[in-house]
Amino acid sequence: MSIDDGDPETLAIAAVTSAFMLSVSEGEIEMADRSVELNPNSWNTWNCRGQVYRLAALPEEAIRSFERAMRMSPVDPRLHETLAGIGMALIELRRFDEAIVAGKKAQRLKPAFQGSYRCLASAFAHLRRDAEAREAAAHLLELDPAFTISAWIARGGQSNAKLLVEGLRRAGLPE
């Protein structure tokens, strides 16, 4: 970025990487916003902006960004990431049924994507659909047998995702 802070793709990736690895501050939000200003027609810039806003505990704006990403590239090969992001943002808004719809769509697009199962396990658990929550948790553990909630939080900036994490605990995933 010190070479070219005007590249929208670089800004988008830097913003989301920093948000996941460190935490979200005004700097990450500014980078994400700038990336879409520089290239408002990019799936990647909008998707990264959505992730940054989701991690910043601003789920409404995250969903708007994810929806814009989907309009930019409705058949993007990474659309499962966008759908899982929408699902996780919906959980924070207590819109659990809608989160399940998004999570299932993400799961159908890429059955081995762990984010889909985190979304589904949490949303099902919040709705007290315990068997489905445990099934989603079991799929997640098949994909990542070493998964623990604490390690996931530590490596991914999920500290603001209170309801998502609470649902993972209710689903019986290891702490």
**Q** Is there a path of hydrophobic side-chain contacts, each under 4.5 Å between heavy atoms, that joins V101 and I91?
**A**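 Not linked; separate clusters.
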
**Q** M70 versus L83: any side-chain heavy-atom pair under 4.5 Å?
**A**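 In short, these two side chains touch, coming nearer than 4.5 Å.
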
**Q** For residues I100 and L127, determine if any side-chain heavy atom of one lies less than 4.5 Å from a side-chain heavy atom of the other.
**A**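 They are in side-chain contact.
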
**Q** Would you name the heavy atoms of A125 and A171 that are closest together and state the gap between them?
**A**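 Reported closest heavy-atom pair: CB-N, 3.8 Å.
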
**Q** Does one hydrophobic cluster hold both L79 and I86, with members joined at side-chain heavy-atom distances below 4.5 Å?
**A**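 L79 and I86: one cluster.
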
**Q** According to the interplanar angle, ranging from 0 to 90°, do the rings of F113 and H80 count as parallel (below 30°), tilted (30 to 60°) or perpendicular (above 60°)?
**A**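 F113 vs H80 ring planes: perpendicular.
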
**Q** Which heavy atom of P59 sits nearest to which heavy atom of A89, and what is that distance?
**A**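 Here P59 and A89 meet closest at CB-O, 3.5 Å.
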
**Q** Would a distance-only check, ignoring hydrogens and angles, find a side-chain to backbone donor-acceptor pair under 3.5 Å from H126 to F96?
**A**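 Side chain of H126 to backbone of F96: no pair is present.
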
**Q** Given side chains that start at C-beta, do those of R134 and D130 come closer than 4.5 Å, heavy atoms only?
**A**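 With C-beta onward as the side chain, the pair touches.
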
**Q** Hydrophobic cluster membership, with links at side-chain heavy-atom distances under 4.5 Å among I/L/V/M/F/W/Y: are I149 and L143 in one?
**A**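 As far as the 4.5 Å side-chain criterion goes, L143 and I149 are connected within one cluster.
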
**Q** Same cluster for L11 and W43 if Ile/Leu/Val/Met/Phe/Trp/Tyr side chains link at under 4.5 Å?
**A**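 Shared cluster, no.
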
**Q** Could you tell me whether the side chains of T45 and N39 share a donor-acceptor contact shorter than 3.5 Å?
**A**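 No, because no side-chain N or O of T45 sits under 3.5 Å from a partner of the opposite role on N39.
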
**Q** Short question: side chain of E28, backbone of V52 - any donor-acceptor pair under 3.5 Å?
**A**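 Here the side-chain-to-backbone pair does not exist.
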
**Q** Same hydrophobic cluster for L58 and V16, using side-chain heavy-atom links shorter than 4.5 Å among ILVMFWY?
**A**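 Result: yes, single cluster for both.
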
**Q** With no hydrogens and no angle check, is any side-chain donor or acceptor of E92 less than 3.5 Å from a backbone partner on L163?
**A**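 Between the backbone of L163 and the side chain of E92 there is a qualifying donor-acceptor contact (under 3.5 Å).
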
**Q** Are F20 and Q51 packed together at the side-chain level, in the sense that at least one heavy-atom pair is separated by less than 4.5 angstrom?
**A**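 With C-beta onward as the side chain, the pair touches.
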
**Q** A side-chain contact here means heavy atoms from C-beta on lying under 4.5 Å apart; do Y53 and E60 qualify?
**A**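 No; the side chains remain at least 4.5 Å from each other.
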
**Q** Would you say the side-chain atoms of W46 and S35 include a donor-acceptor pair closer than 3.5 Å?
**A**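 There is no such pair between these side chains.
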
**Q** Using atom types as modelled and distance alone, determine if a side-chain donor or acceptor of T17 lies under 3.5 Å from a backbone N or O of I13.
**A**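 Answer holds: yes.
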
**Q** Ignoring hydrogens, what is the shortest heavy-atom contact between A106 and A84? Give both atom names and the distance.
**A**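 Closest approach of A106 to A84, heavy atoms only: CB-N, 3.9 Å.
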
**Q** Does the side chain of E132 reach to within under 4.5 Å of the side chain of L120, using non-hydrogen atoms?
**A**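 Side-chain contact under 4.5 Å: no.
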
**Q** Can we say E81 and K110 salt-bridge, meaning some charged N sits less than 4.0 Å from an Asp/Glu carboxylate O?
**A**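 Salt bridge flag = no for K110 with E81.
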
**Q** Quick one: does L141's side chain get under 4.5 Å of P174's, heavy atoms only?
**A**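 L141 reaches P174 side chain to side chain.
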
**Q** Just do the side-chain contact (heavy atoms from CB on, under 4.5 Å) check on T148 and W152 with the steps written out, would you?
**A** CA-CA 6 Å; T148 64; W152 178 68; over 6 Å; no

**Q** Just by distance, with hydrogens left out, do Y117 and D144 show a side-chain donor and acceptor under 3.5 Å apart?
**A**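 No, because no side-chain N or O of Y117 sits under 3.5 Å from a partner of the opposite role on D144.
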
**Q** Crowded around E175 CD? As in, over 12 foreign heavy atoms under 6.0 Å?
**A**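 Result for CD/E175: enclosed.
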
**Q** Apply the side chain to side chain donor-acceptor pair (under 3.5 Å) test between E166 and each candidate in R170, K162, R169; give the one that qualifies.
**A**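 The residue from R170, K162, R169 that satisfies side chain to side chain donor-acceptor pair (under 3.5 Å) with E166 turns out to be R170.
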
**Q** Looking only at heavy atoms, which two atoms of E9 and N44 are closest? And how far apart?
**A**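 Nearest heavy atoms, E9 then N44: OE1-ND2, 2.7 Å.
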
**Q** As a test of understanding, state which of R68, R54, R49 forms a salt bridge (charged side-chain N to carboxylate O under 4.0 Å, His left out) with E61.
**A**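 It is R49, the one option of R68, R54, R49 that forms the salt bridge (charged side-chain N to carboxylate O under 4.0 Å, His left out) with E61.
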
